[in-house]
Structure formats: C-alpha cells, structure tokens
Amino acid sequence: MERLVFDAAALLAMLFAGVMVVSRDPVKSVLALVVSFFALAVCYVMVLSPFIAGLQVIVYAGAILVLFLFVLMLLNVGREQPDGMPRPIQTVLGSLAVFVFAGLLLGMLRASGSKIPLLTDGLDPVEMARPAELARLLFSDYLLHFEAVSVLLLAALVGAFVLARREDAP
Amino acid sequence: MDALLHDHLLTLVVFIPAAGAALLLLFPRSAEGAARNLALAVSILDLAVSLPLWTRFALTQEGFQFREKLAWVPQLGISYSVGIDGISLLLVLLTTVLTPVALLFSLTHVEKEVRGYSIAFLILETGMLGSLVALDLVLFYVFWEVMLVPMYFIIGIWGGPRRIYASMKFFLFTMAGSLLMFLAILFIAIRYHAATGLWSFALEDVTRLTFTGYTETLLFFAFALAFAIKVPVFPVHTWLPDAHTEAPTAGSIILAGVLLKLGVYGYLRFALPLFPDAALRYAWLVGLLGVIGVVYGALVAYAQHDMKRVVAYSSVSHLGLVVVGVGAFTTMSLSGAVLQMINHGLSTGALFLLVGVLYERRHTRELDAYGGIAAVVPVTTALFLIATLSSIGLPGLNGFVGEFTILLGTWLSPHRWWAMAAATGVVLSAIYMLTLVQRVFWNPFANEANRTLTDIRPSEFIAAATLVVLMVWIGVRPNDVLDRIRPAVETLQKSVAARQIAEAGR
Amino acid sequence: MIGSIPLSDVLLASGALFAIGVAGALLRRNAIQIFLSIELMMNAANLALLGYGAALGTHEGQIVVFFVIAIAAAEASVGLAIFVALFRHTETIDVNKINLLKW
Amino acid sequence: MTSALPLWVLPAIPLAGFVINALLGTRLGKSFVSTVGVGAAGLVTLAAYSRLIPFFSGTHATVVEPVTNWITVAGLSIDVSFRLDPLSALMLAFVTFVAFLIHVYAIGYMHGDHATDAGYARFFAYLNLFLFAMLTLVLAESFLLMFVGWEGVGLCSYLLVGYYFDREYAAAAGRKAFVVNRIGDYGFLLGMFGIFAAFGSLNYSEVFRKAAEQPAQFSPALSVICLCLFIGAMGKSAQVPLYVWLPDAMAGPTPVSALIHAATMVTAGVYMLARCNVLFRLAPEVMLFVAVIGCFTALFAGTIAIAQQDLKKVLAYSTISQLGYMFLACGVGAFGVGMFHVMTHACFKACLFLGAGSVMHAMSDDLDLRHMGGLRAKMPITFWTFMAATLAISGIPPFAGFFSKDAILASSFEAPGLGKLLWFVGLATAGLTAFYMFRIVSLTFYGEFRGTKEQAHHVHEAPASMTFPLIVLGLLSLVAGWLGLPAVFGEHADVIGPFLAPVFAPITGHAAAGEAMPHATEWLLMAVSVAVAASGLYLAYVWYAKQGGRTPARLAASYPAVYGLVADKYRIDELYDVLFVRPFAWLARTLWKVVDVLIIDGFLNAAAFLVELAGDFLRFLQTGNVRNYALTFFLGLVALLLFVVGAI
Amino acid sequence: MNDSFVHFTHADLLSIAPEIALLVAGCLILLVEAFAPALRRWFATIALAGVAVSLYFLVNAPAGTTFGGRYDTSPLTVFVGLFLGAAAVLAILVSRPYLERAGEERGEFYALLLWGHLGVSLMTRGLDLILIFIGLETLSLAFYVLAGFFRRVAASSEAGLKYFLTGAFGSAFTLYGIALLFGASGGTKLEELVRPGLGGNPAVAFGLLFLLVGFGFKMSLAPFHAWAPDVYQGMPTPAVAYLSVAPKGAALLVLFRVFSAVFQDGLPDRFRAGLAALAILSMTLGNVVALAQRDAKRLLAYSGIAQMGYVTIALVVFGRDALAAALVYFCAYLVSNAGAFAAVSALYRDETKAHPVALLAGAGRRAPFAAAVFALCLFSLAGIPATAGFIGKFFLFKAALEKGFYALALIGVANSLVSIGYYLKVVYILYMRDPVETEAPPALALADRLALALCAAGILAIGIFPSTVWEVARHAAATLPFAGP
C-alpha cells in the first residue's frame, strides 16, 4: 500500500519533472515543477519525513518556485524560440551522456538498495517523524551547521541586495 | 674582514654582483651614468676579489678548495655547498674577467634602460659564478636556471631585430634540457635516500651511488642532454646562432665566453662522476657528436654572411673540439678541453667584441657591407686579426695549446679517428675565419659608408686589449693554467676509475 | 506497513529525477529553466537523503535536507538576482545568446 | 762556449724588432722603422755568425740549449730548447744572411713602392716576425717548437702575400697560401701525434735516438708518420698537389717572394725531411713516394714555367720545380745533397727574385714579359746579377746550381729501383729549366723594348740599397756551389757533405749509401747534364733573343690545345675549384640551409607551431555558451564513471 | 542527552572564533556603509583587521577537534587557514585601490569577500560533509555575487550568470555525492567513512566521483574547468585573486581528506588512473590553450587550470608527504598567482573593460615595479628556480618520483616547457614590445604596492629559503585526520 502510494507519487514527480524539462514555456515549466514538488512532498511523507514534506511544500513549492514565477513575469520571458541554430553536438552528446549516466546511476542504485527495506530494525516510525528530535539535533550536533547556514543566508541576502538594488543607490 | 675574505671568499665572489644588483635597484631609473659606472665598478671589484682564488689556490692539493658548506634545506640534505678545483677556478676567473670586459664595452653602447641592463648583467654574473662553484645538485640547478632569466632579458630587450625569436628560442631550448636534468637530480636523491636512509643532494654523497645499467643510461642522458644543449652539440645547437647574433655585443661575449662552457663544465663536474659507466659506454656518441660539431660548425660558418653568425658557428665548431677532448677522456685531452674552454672564451669573446665595435658604428653585420676597412680602422683590424689567429689555433697564442693537447690526447685514447677527423678543424677554421677577415677588413674598399668609420675607442680598446694580453699569456705560458687543471683532471679520472672498479666488483 | 517500501524504489526515483534534472540542465536554453532543472537535481538528492535516513533509522538525513532546503532558497534568491541583473544588459536569459566572454 | 751568445737570443732579436715596429712603427716614421727592421736583421746575422764561426771551426758537435718548459700536461712535456747542429747551422748561415740582404733590399724597394708609413712599418714588422719564426723553425729542438716556427712562417707568408690587402687577388692569395699550408699542417700534426704515440716524446734527440736504436720496433708506425710529415712538407714546400698557392703568392711584394717564397720558408719542408731523415730512412716506401712526387713536381712545374708571361710567375714555377729537385734528392736518400741544393737555390733564386723586383720597379710594376726587352743596357747591374743567377739555376758550371743539381742527378742515377727514370726526368727538367730561364732572360734583357713610352722613359737602374744585395747574391750564385764539389775534384773537395754527414749517420742494421760511383760515370753524367742545360739555354736564346719569339709563337699556334693547357697551368686551379672549392661552398650552404634551417629548426618550429595551433583550435572549445561548459563537465563525469566504476 | 538544549563549550567557541571574527567584520563594514558612508575609506582596514583577528584566533586555537568531532583545529587547518588568510589579505589589499578606481567602493564587496572566505574556512575545517557543503555554498554564493558585482558591466553580469549556473550544477553533483556517501556510511561525519570495505562499495565510488567533480570544479580542473576563463575575465580582479587561489586549495584539501578517509590502504588503481588522467588533461589543456590567449586574465585562468593539473599529481601520489608537497605547492601558487592578479589589477587603468595582454606593452617602463613583480610571478608560475614556483614543483615532483610516478613527472615537466611559452610571452610584452599606450599610468597605490611587495617577498622567501615552509607543511600534513598509515 505504502509502496504503491510512494511509487505513484514518485512517478507523478518524474512525469512532471519530464514536463518541466520538455516544456518550451518557462511558466509551464515552473508550474510543472510545482506539481512535481508536491508529488515529491508526498514521497517525503512516505519515507517518514513529514516535517521535510511540509518544508518542501512551504518553502520550495510555495516560496522558491513562486519567486521563479515572479521573476519570469518580471522579465517577461516568453517561450523559448528556436533560434535557427541547431546545436546537434550539445543535444546529441548531451542526451547520449544522460542516458549512459542514468543507466550507470540507476544500475548502481538498484543494486545497492534493492534488498533493504526502510526501517528494518523496527524503529518507531513516529519517533522518526517527530520534529522535536530534529530540533534537538539541530541545536546540538548540528549547531555549527545551523550557525553556518545563517551566515550563508546573510551572504545570500546581501548578495541579492547588491545585485538587485536600484542603480542610483550608493 | 680578513676572516671573511679567507673563509668566505667564494661566497663573496659569487654574491658581490648580486649585491651590486640589489644596490642598483635602489638607484633612480634616470641615474643611467651612475648605474653604468656602479655596475662596472662592482664587476671590477668582483674581479679583484676573485684574484686571490688564483694566488691562494694550492696547486698540489687534490679535491675542492675554498670549501664552504651550510645547511640550506636540512630536511632534504640540500646544502649551500661550494668549492672549486682547477677547472672551476679557471672558469670562475674567466667569468670575472669577461664580465667587466663586456660591461666596459657596453659603457658606450647601451643607451636604453641602462639600469636594468646593469642589473641583468650582474645577476647573470652571480648565476654563472654560482653554477661554477656549486657542489650540491640543487644549488647547481638553481644557479644554472637563474642564469637564463637575465640572459633572456639581455637578448630580448637589448638585442637585434629578431631578438624576440632568439630569446624565446634560447630560453625554451635551454629549459627543455634542464627540466629532464631536474627530474634526474630528484631521482638521484631519492635513490640515495632509499639506499642510505639519508637525504642528500651533495655531490660528494651522491657520487657514491651506483645505478643499474639502464637507469644509469637514462639518467646520464637526462644530464647529458641539458649540458649538450648548453654547449651546444649538434644537432641541438640551432639556438646558438640566433641567440649570439641577436644578443647585444656584451651579451654575445658572455654567452660565448662563459655560458657555453657551463655545458662542458656540467658534464665534467656532474655527468661524468655520477654516471661513469654510461659516460664511458656512450663516449663514442660524445666523440661522434663532437667531431660532427667540429666539421659541421666550420662548414656552416663558412656559408654565413653575417659576421656574428660566422663567429657563432665557429663556436659550435670549437666547442665540438672540446667535446671531443672530453669524450676521449685521457688526462691530456681533458686538460686540453678545459684549457680550450678558457681559450675559446677569450678568443670568441674578443671576436664578438670587435664585431660589436664595427656593428655599433655601422649598424650592420653583413659581410658585404664591409670590405677593405683595414686602412680605416687599423687598430681594430690588428686586434681582430690576433683574435682570429687565436681562434684558428696559431702557435704562440692560446688556442694552439688547447687544440694540440686535445687532439694529441684524443689520438692517444682508443679513439684515434676522432683526432683525425677533428683535426680537420685546423684547416676548416682557417678557411672560414680568414674568409671573414678577407671580406671584412681586406679586399678593395667597397662601401663609401665605411669611410667615416672611427677606430676603436679607448674603453673598447682596453676591453679588447685585456683579452689579447691574456691570449698571449696563455699561449706563451700555458703551464700557469695547465698546472691548475692537472690535479682536477686527475682527480676526476681517478674517481671515475674508482667507480668503475667498484662497479666491476659488484 | 510503512517499511514495505524498499529502499531501491526511493533511490531509483531519486536517481531518475536526478537524471531528468541533468537532462534539463543540459538541454534547455533558458537560464531559468536550467536553474529549475538544477533545483530538481537537488530535490533528487534530498529524496535519496531522506530514503537513506529512513533506511538507516537516523534523523541525519532529514537534518541534511533541512539545510539543503535553506541553501536552495538562498541560492534561488542569488541566482534570480543574477538573472535580473544580467537581463538588464542583454534583454534575454537565453544562454545561447549570452556569450560575450569566450575563447 | 761559456761566453757564447745563447741560441734563444737569435729568434728573440727579430721578435723584439717586430714588437717595436708593430707598436711604434706607424708613429715614428720610415727611417726609424728601417733602422729597427734592418738593424734587427743585421744584428741577428752578426749574432748568428758569432755562434756559427766557432761552430764551423770547431767539432761540429750538436748543442742543445734548453730555455724553459713550455707545455707540461700528462705525459707531454715540451721544452723550449734550441739545437745547433750541422743541419741547423747550415740553415742558420744562409737564412740570416740572405734575410739580412733582403731586408736591405727592401728599404729601397719599399721606398720605391710609395708605401705609407703604416704600410712600411707593417712590412718590416712582418719581415722581422718572419725571421723570428724561421729561426725558431730552424733552431727548434722539438717537433712542436718547429711547428711553432712552421706555422709562424706560414702566418707571415699569409700576411705578406696579403700585404696589398686592398687588392682582392692579393688578399685571396694570402688566404689561399694559408689554407693550403694548413692542409699540409694537418698532415704535420697527425705526424706529430703519431710520433708522440710511438716514441712518447717530441724531442728530436729522443725520437731519433729511439728510432735509430730500435728500427725494427718503430718501422711499421713510421710509414704512416712519415707520410703525414711529408704531407706537411708538401704544403710548405709547394709540391704537387699542394703547390697551387705558391704562384699566387707572388702577389706579395717582391722582397717577400725572394725571402719567403724562394729562399727560406718554402725550403722548410726539405729541411724537415732532412731533419727527420732517420725516420724517413726507416720508411723506404715513403722515400720512394717523396722521390716520385719531387721528381714529378720538378718536371710538371718546369713545363708550366715555359709558357708563362709573368716574370715572377715563371720564377715561382721554377721555384716549385727546384723544390721538386730537392725532394727528389731527399727521396733517393741524398739528404745532404738536397740541403746543398737548398742552400745554393737560396742564393740564386733570391738573386733572381730581387732582380725581378728591380725590373718590376723599372717597368712601373709591370711584370709582363711581352712588354719588356732590351733592358740589359739600362740596367746593367741587374742584368749581370740576373744572368749569373740564371746560369746558376740552369746548371752551367761553375755556377752554384751546377754542383748541387748535378749531385742530385747523380744521386738519383745511383738510386736503386726507379733511380734511372728519376734521373732521366730530372735531366729533362734541367733542360727545361735552362730553356725557360733563358727565355725570360732573353725576353727581358735582349731584343727591343716592347713596353709603352712612359715605361721606356721610366726604366732605370735600381738604387744602391737594391743593387748591393743583388751583387752579393750574384757573386754567391757563382761561388756557393764550390762548397760541395763532386768527388771527382778530389777527396776533400766536398766540404758540405762531410759537414752534414753526422746528421745523416747511417742507422745500424740499415745499409749505408752504396759504393761511390766510378769517376768515369760521374764525369759522363756531368757532361750529359751540362749538354742538356746548354742546349736548352741555346735554344731559348735563339728562339727568343735572336728570332724574337717567332718559332715558339708558330709552335703555339700549331698546337693550340697543348699550348693553351700549359699556359693555363694545366687548369689545375680550375680543377681544384670544381673538385674542392665549389663543393665545399655548396656543402656549407646546403648544410646550413637544409640541415640547420630546414630540418632542425624546421622540426622545432613545427613542433612549437603545432602546439600553438592546438591551442588556437582548442580555445574555440571555450564557446562562451555555458551549456557547453556544463556538457563538458558532465561528459568528464560520465567518462570518469565509466572508467572507474564501470570496471568495478 | 544533556541537560541543556544547546551544547556549546568554551572550546567550541574558541574554535569558531576565527569565523566569528570574519562574520563580525563583514557586518561591521555593512553597518558602517549604512550609517557612516563617509568612513568608506576604512572598509579595507576593517576587513584586514577582521582577517587579522581571525588569524590570531586561528593560530591560538587549541589543536584537536571540536563540535563533537565535526570541526578541525589541527595544525593542518592552521596551516591552511594561514594560507587562506594570506589570500584574503592580498585580495583585500588589492581591492581597495581597485574599487576606488572603478568607482565602486562599496562595503558589500568586502563583506562578501570576508564571508566567502568564511565559507572556504568552513570547507577546510569541517569534518562533516554537510558542513563542508555549507561552506562550499557560502563561498559560492558570495562569489557568484562578486562575479556579477559590476552590474553596470555586461561582462561582469555574464560572469555572474555563468559562474552561478555551472556552480549550481556542480553543487548538485556534490550534494548527490554526499547523499550517496551518507547512505553508504550512515553518517555525514568524515570519520564514519573510515570503515573497512567501504571503498569497494559502488555507491561510495559514485559518491566519491561526484565529490571529485564537484570539488574539481572548484579547483577548475579540466574538464570541469570551462567556467574559469570566462568568470575570471568578467569578475573584478581582486575577487579573482582570491577565487583563483583559496577555494582551489580548500577543495584539494577536502578531496585529500575524503579520499584518505575512505581509502586507508591507498588509492585503488582505477581511481589513481582516473585522477592521473585528470591531472594530465588539466596540465596539457591548460597550458596549450593558454598559449592562444590574448587576455591577461583568461591567460592566467588557463595557467591556473594547468597549475591545478600539476597539483593533482599530489592526489595521485596520495599520502601525507604528497599532501605536504601539495601544501607547499599551494603556498607557492598563492604568492605567484595572487601576485599576478594583483599586478593585473594594478596595471590596467580601466577596470570595467577587457584586459588584453597587448595593452601591457611597455609596462616595464611605465610601471616598473608592478611589471617587475608581474614578471617575477610569471617566472615563479613557470617554475624557474629561486622562486617559490620552483620549490612547489620540486616537492611535488619529488613526491611523484619517490612513489614511482615517472610518466606523470615527465609529462609534468614537458608541460612546464610549454607553459614557459606563454609566461614568457607576457614577459616579452611587458618589457620588449613598444608601448601602444603612451599615457603614464596612475601612480601605484600604496595598497597595491604593499600587496605586490608581499607577493614578491613571498616568492623569493619561499624560493630561496624553502626549508621553513616545507617543515611546517610536513608537520601540518602529519595531522591529516583519518588517513591511513
């Protein structure tokens, strides 16, 4: 049952990811990715990470992709127009490489994870999904990371400010 | 001060020019005259400081003298280890003599960037002296490469019309050889470490190593190639005509006078003692290339119509003879080879200087632009003639003694035919050098532009006359020089022989 | 039982999404779409992390993903700012046409 | 002997003269230069005779005077030491004397030559330098020191031939002289190497002692050694095939031709052979070769001399021819006779050249025989001395040449093997010699003057400084031969032979010279040679002096090919040009343009170019398109995955 | 489970004091900019002070690990920290006159530089993959912005875009690699990678290769190098001076750490061969293409690609001695390359235009000091003895030869020869070509002068007295954590 849900959600995510890639219209792309991310959120729930699934919906689908959409609108970028300059090398080599890569990667992943079910040693799934435990870890073992990310966010903030600020600002 | 002069004489000699260069850096760029005079003064001071090396050199003592040894990179056993034997003594003095001579000549002829020129020259002198006294492989390599940089600038900035090509070629050629040597040096030290558990790059240590045949051959060739390019030996000689031709006169003097010798010197000092077996196994190749150099250089010199190129190819030919002497490896041929290095430095230095005298006045080196100018510039002619005679080995001047001892020494070695083939240089050198003299100084007066040529100036004359005096001195009293060479050569042969016995016993 | 999802399913899904992301990044010309593809690649990594975390019974996977989402947000803000800044010069974000700097 | 002048002073005197004149001569003027130059020559002559007179009157014992060590390296130790023995004494005697006379002559000659102060100083400086080198050559006690002199005289020859450096042919001739000599020197050098390898020394005393003591041990090596040495001699003494420089060397001032290219330097080869007689006698096949070369050269050069129109050229070929005689003598083992001819030849040939110089001055530097004629009246002293020398060279008794030449012919007649043939060729050459010598005498001094008016007006006898040496040498041409009268004139008639004999002492185990030939044979030979010489002389006189050259002109017209060939000196110079000079230049150019420029530099430049080209192409991989960058990145990853993981 | 919710010891605080100093300095600059813009001339000083304080704490931190084994304060990190700090100092020194000339003297530049530096610092000191990743991203984000800092200049914005897109692409691989390693080892700490048999796990191999390409990208190792020339060209030069040195060193250190944790018994052959291939490709491509460059910064970018090829030899050789050699190499590279960029920064008048090498013609006369130092840096990069570059190559090739990597060493020196071609070409233009620009350049600013002098002194000091740096590097490398014997 769970597997079915997971697989269905994963397939959906892949499907819309594919749409995102294939679509020439960036807006459609973004929207496809939103759907894909929602499906991914379902997957996250199925792998015992409801908190992350929430973040996924709120931060990713809700904030980040909206930001994308916003920028798309701002820049008024239209559909990708064929520019009359086919780039066969990029396309052919790229596709070929992706296939080889996918083959190798999926082969490896299948082999390495096929026999292992999630939560084999009978840990409590509820315990796994509890945000409080996450919070504890975040402020103990991962305290430094947490602080470091704050610097990262600060840098990103300042950076975005530098780049997007009006020209006449000092 | 006395102690300084006594215990650190070599260090002083090596680094006085560098100190001078550092001092020059403090000068404003506009102080050209001061820079010129200071550079000359420094080089003369260095000459003065180097003279005690000659007088205090113990004639009978084997091994190195004026030794100094300081740890440099102690973890790897790299040391500032210097010392001289007869061979390096002579080359050191040749360097300290030729540098002031070259600078003296430059006094009147270098106009742009005098300060930079002086700095380059002084650093070059330190580089040359350093490689001559270094007894540690890394130290040697450092000095060896450091020389390239100032020479590159000297050719590239103050050179002739094709200076860029020439300086680049010079640099790349020389570098190509020495990079392999660099790897070989590392390899040797690593082997030494593997064998003894200690790190050392000191010559006295690493000469105790023995290698298996194949390895030794490879290492030998790595070293030999570096030195062969510097000499230069056919077929890696083609940088030389370009570099010599395009370099400013003073640069050519130093290039021909000292730099080329470093190739042979390196071979004697490092390649032979380190790889005696390979060196003797491939002696045939050394000799063959030497013989080819003699004949080929002479022939091609004959075909040139640029004065400097003639002299440049004559260097190929003369150094070929030196290489033959080295390859023959008899005491006599080796002594002759060392002596001939000095001789070639003096005679070719003088030739380049005098070509420079003409070039600075007429701004052409084409043979056809001259002709019959002996009447206009008699003193230059006379000096050029003497230098020519020295170069073609006229008895009574220095060249002959070297040539004769090399050839006789080679004749006495198992390679008699080398001597026969190399002795043709006697005929060939006469052909191309006398053709040069005839076409430049003799023949009917061809070009009215030469009517206003002025004869040699006092500063140029002093520079040239110094060399002529030395030529005569060595020609008449070669023993003064040979006495100093002998112990060094004998030590070298003994060490090689000892190594061979050790090899055989193994 | 929730444990009935085999890890391989999770990993395969993640791998496939990653590959799709790579394909998008390589084949799209619009900078924003390329960036979207890269976001997808990061999400694929997230899925793998969560899957591994669940399989190993540790919270670390979730912690990592937490940070990654933060990083992704930061990256998005900077990236989009860059697009905007560039768009002012070029009037396009088609990377085929952005080649002032080359050779 | 204690108070005697050391031998080293002899070369030192002219060396000092050279240094003074070279450094100061230009500034101090001609009279100073002549004083120093001639003074040095005079002084050295006096000094030489101060040693020679006691030597001649004494025991003739060899004296070796070491001065200093010159080169010491490994097993080689070369002393500067000088040797006075009969051979060097003989050379010393005439070299200094003749040189002095020619120095004197040169004062007048060079004044007449309108030399500049610088040129004048240069000339005398070179002459002194030559004297220094020649004396070193003669007095040296070792091969190497001899070589110093040997090269030194070569240098002076080069400098003096090229004295008129602004004339291309003179400059070229100087170079040619030096280069051809160097070819010989190459042989000399190898010979020395061989000697050192075999004997471990280059000192005469040691080498000759060892060779004489153990002939059998050294004999095999000596063939090659002697051959090499002989090549050296060939170069210096202008033997076929290395003779080509000597005719050209006439481009130098005439005193130079007289001194260097007739009297002294060119005989150095003969001197060397005589010096090394011990070695050569142990190499009989080389001796034969020497004889054949000498003999051939004598004839060959003689024939060329017949058809030359240039006075000095004729004399030059005659010199070559006479040198051939000398080698013939050496080749047949008559070293003493050869040296005897060296001496007499020095006298009469110097006289001839100086006479020619006198004529040349009178003719305003014109040397073409066709422009001369009838000078006998206007230049009596020149004529008579020239005549005396001509008779001497032609072998007319009792002039000097007769005795020496006759001795050579006699020696070759006696020689085993090819002896008779050599004798016959020598005899024919003697006839030729007489013919061409009298031809030039006739053309120059007899008949009508054929030059221009100005020349005719200008013709005059030379000044005293020039005629004095002429007279002295003319007299010597008469009497010098009397030192070596043949055995038929009495037991002790031959002074010079016994004097030199110790030098040519027989080697133990080797047969000494054969029995003296019967007097009758000797008389007969003399008669034949005199007859041949006289007929040559007469023929020339009739053809050129009486008939004004009609017959030879007719002959020349009848056989144009033959005449042309001879007149063009058998076109040997042209042959050498085609065989050696041009191929040499071609090879030089080809090596440069093909090997250096095309192959070596071409290869290197191509390598550098290819690397740069690769860079030029590869830089376009950097398309500026960021998608391509991502693709290369990704392709790199995939390749790594395939390589690293694909194998696991 | 501890009583307090937040675990935080004094040692922890001390150990991150260097980063805090950087953070504070950056914030201070921003605050000054916001509230006292008149004091903008002091930005650089504040930044330098921040770096100085940070280095002070760095040097004085007790050796060991903190944050439960997630943070490294060993001599190795001190060494690397000093190296990074030096790069930061040079970049800041150059920035001041550069920004002044460009009229963009803004506090954000310094703040971002400092925070980017902070990120690099985290990369080198983190013993936890996720911390390393955060550091990497901090660095990246800061430098994406710095690349596009000159918004008025199209090239700068384009550089920002290219760096961003490729950088994010690379980061995604890094992240996936981390995920795979996490899955295989069960944790994100490096010490958890030390586990027998882990090296044979295909997932680990994938993870390592992903990390390799991710960090190889930061090192601009071919074929992950393509961004570098474009980005260097468009980015403000002082930032390039930092970016072309510090993150590369950090990336190599991370790779060293991860690989030596996983492969306790030495690199497997395939990995070694793959790395060697990268090294060779990088050297060769970098050098050959550099020959064809006309722009000074692009040329230096390719030179940097080649230099990374050389230094990757150390990774191939593997082991602590090789790491020591790499550290020395990086020190040499720091003074030479940062010096070269400092010289480029000082020698060009118009900051916002391209930097064609040809424009440097005659610089030897116009700006003798900068040109001389530039030439010295180039000779050092070329590895001429008596310069730092030679010492770097010396130890590197020694390490290679010691372990028998003869072919690699040979290819290395052959490449050196090629590289001389373009280094000398620049020197030739500096000194031997007649100037196109006759106008005298502005007088060299004090800060530029100082930066150049420091680099020159560094080059000569390392070049002539290498024993100190070698000793320290060896000592530092000995503390490489988790490495096998």
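Lettering follows sequence order; numbering is per chain, from 1. No experiment lies behind these values; they were computed from the predicted model shown.
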Which of E/Gly216, E/Gly170, E/Pro229, E/Ala226 touches chain D most, by non-hydrogen pairs under 4.5 Å: E/Ala226
Could you please state which residues from residues 608-640 of chain D sit under 4.5 angstrom from chain E, measuring non-hydrogen atom to non-hydrogen atom, sorted by number, or 'none'? D/Val611, D/Glu612, D/Ala614, D/Gly615, D/Asp616, D/Leu618, D/Arg619, D/Gln622, D/Gly624, D/Val626, D/Tyr629, D/Ala630, D/Thr632, D/Phe633, D/Phe634, D/Gly636, D/Leu637, D/Leu640
Neighbourhood of chain E inside residues 159-182 of chain D, taking heavy atoms under 4.5 Å as contact: none
Show me the donor-acceptor pairs within less than 3.5 Å that the side chains of residues 276-294 of chain E make with the rest of the protein, sequence neighbours left out.
unit_1, atom_1, unit_2, atom_2, d
E/Ser282, OG, E/Ala222, N, 3.0
E/Ser282, OG, E/Ile305, O, 3.1
E/Thr284, OG1, E/Ile280, O, 2.7
E/Thr284, OG1, E/Asn415, ND2, 3.4
E/Asn287, OD1, E/Tyr422, OH, 2.6
E/Asn287, ND2, E/Met283, O, 3.1
E/Asn287, ND2, E/Tyr310, OH, 3.3
E/Asn287, ND2, E/Asn415, O, 3.3
E/Asn287, ND2, E/Asn415, OD1, 3.1
E/Gln293, OE1, E/Arg298, NE, 3.3
E/Gln293, NE2, E/Val289, O, 3.4
E/Arg294, NH1, E/Ala292, O, 2.8

Report yes if some heavy atom in the side chain of E/Phe210 is under 4.5 Å from a heavy atom in the side chain of D/Leu641; otherwise report no. yes
Proximity breakdown for E/Val213 and chain D, heavy-atom pairs closer than 4.5 Å: both
Side chain / backbone / both / neither for E/Leu275 at chain D, heavy atoms under 4.5 Å: neither
Applying a criterion of heavy atom separation less than 4.5 Å, what residues of residues 159-169 of chain E form contacts with chain D? E/Lys162, E/Leu165, E/Thr166, E/Phe169
